[in-house]
Structures are given as structure tokens and as C-alpha cells.
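Report on one structure; see the data block that follows.
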Amino acid sequence: MSTAKGPLKGRAARLGRLMPSGPSSAARTPFVLLVVVLLGGGLITLLLLNSALNQGSFQLNELKNKTTELTDEEQALQRDVDDYAAPDALERRARELGMVPGGSPAFLGPDGKVLGEPSVATAPKPSPTPSATPKSAPPAPTGSQAASSKPPVDPGTDPAGTLPAADGSPTGADPARTGPATAPAETPTPPTSGR
């Protein structure tokens, strides 16, 4: 059986025109490559954009956390400032420094006249301290206790070491000092009128 190639007739000729064969399939290759390159480039661009957005969101979250911490610290510092600026805290600290409430103030007018009568600040009288009651000495040790140990000293009740030693002599304490330690009375200093 021999098949000779000849011109196609009828239906075969019409189908042959619709489906070209041979060199026309090579013309599609650059188009297919272009589409693949565009799709690949688009996917890579989307991946890079997504990565950049995620990194930015992590930085934003970290900065929000830091802002919250700094806001809490600022509020704590503001509470401390408010506590120190309260009138009773200022008065307490001023008394600790030996300051006393001022008297009535005097003002200078624009023409140099003194308005008001200035007075000296006086320190309030100190509150009376309760008299110290002498403590009784602990019982004397007997037998081998007297030779081997000294009487126990309670640091909370005898800070100056005024309890007698085993031989009855004071242990380095000032004999004139009896009772709890008291601070010396503060001498009031009059305010200066430098303003």
C-alpha cells in the first residue's frame, strides 16, 4: 500500500488549515517562556513583599511593647514625683532638715515700701520625752557559767552596751548615759530675708 502525498481535499483540507504543522509551533515557545517568566517574577515579588510586611509588623509589635513599658515607667515616676510633692511629705522632709514654719511675710512694693510686718520664725516646742526607767540587772551567773561566759546582751534593748560585765564593771558605756538614746534638741535658725 502506497500512500502518495497530494493535495488534501474537502474536509481534510479545512482541518489542515486550522491546525498548521511544522514551523509554526516554534513561534509559540518565546510566548510560553515570557508567560512563565512573568508568573515567576510576580510570585517572587509577592513573596518579597510579604516578607517585608511581616518584618515591619514584628518591628511594630516590638515598638508597641517598648512604648507600653516606657509608659508604665513614666507613670511610676510621676507617682513618685507626686508623692514627694505632696504637702505632708514636704513638711515632713523640711522638719527632718531642721526647718520650721515661717512667720508672717512682708512684701516690697514697686515703690520700695514694705507692706506687712515681718516676724521671725520660731521653732515649735519639742514634745516631752518619757523618762527612762532603769532596767534591772540580769541575775548573776553561778558556778561554771560565771567563769566561762559573759551575760547575754540583747542588741534591741541595750544598744550602748550598758549591761554590766561578769565582774560588775560597765562594758565601755558612758556611766552618765542611762536610758534610751535621744537626739539633741535642734536649735531654730531664723530665716534670712534675702528675697
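The figures here come from the full heavy-atom set of this structure, side chains too, leaving out hydrogens, waters and symmetry mates.
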Flag, side chain of Ser104 to backbone of Pro118, donor-acceptor distance under 3.5 Å =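 No; zero donor-acceptor contacts below 3.5 Å.
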To the nearest 0.5 Å, tell me how far [X] [atom1] sits from [Y] [atom2].
X	Y	atom1	atom2	answer
Leu77	Glu73	CG	CD	5.5 Å
Arg93	Asp88	CZ	CG	10.5 Å
Ile44	Leu48	CD1	CG	7.5 Å
Leu33	Leu38	CG	CG	11.0 Å
Lys113	Phe107	NZ	CZ	15.5 Å
Leu60	Leu53	CG	CG	11.5 Å

Report yes or no: do Leu43 and Val35 belong to one cluster of Ile/Leu/Val/Met/Phe/Trp/Tyr joined by side chain heavy-atom distances under 4.5 Å?
->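 The answer is no; the residues belong to distinct hydrophobic clusters.
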Looking only at non-hydrogen atoms, find the nearest pair between Ala106 and Val114 and report the distance.
-> CB-CG1, 4.1 Å
Under a 4.5 Å cut-off applied to non-hydrogen side-chain atoms, are Asn50 and Leu46 in contact?
->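 Side chain of Asn50 against side chain of Leu46, heavy atoms only: no contact under 4.5 Å found.
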Side chains of Pro101 and Arg95: closer than 4.5 Å at any heavy-atom pair?
->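 When only atoms from C-beta onward are counted, Arg95 and Pro101 do touch, with a gap below 4.5 Å.
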Looking only at side chains, do Gln78 and Asp82 share a donor and an acceptor under 3.5 Å apart?
->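 On atom types as modelled, these side chains qualify, holding a pair under 3.5 Å.
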Side-chain ion pair, Glu62 and Lys66, N-O less than 4.0 Å | no
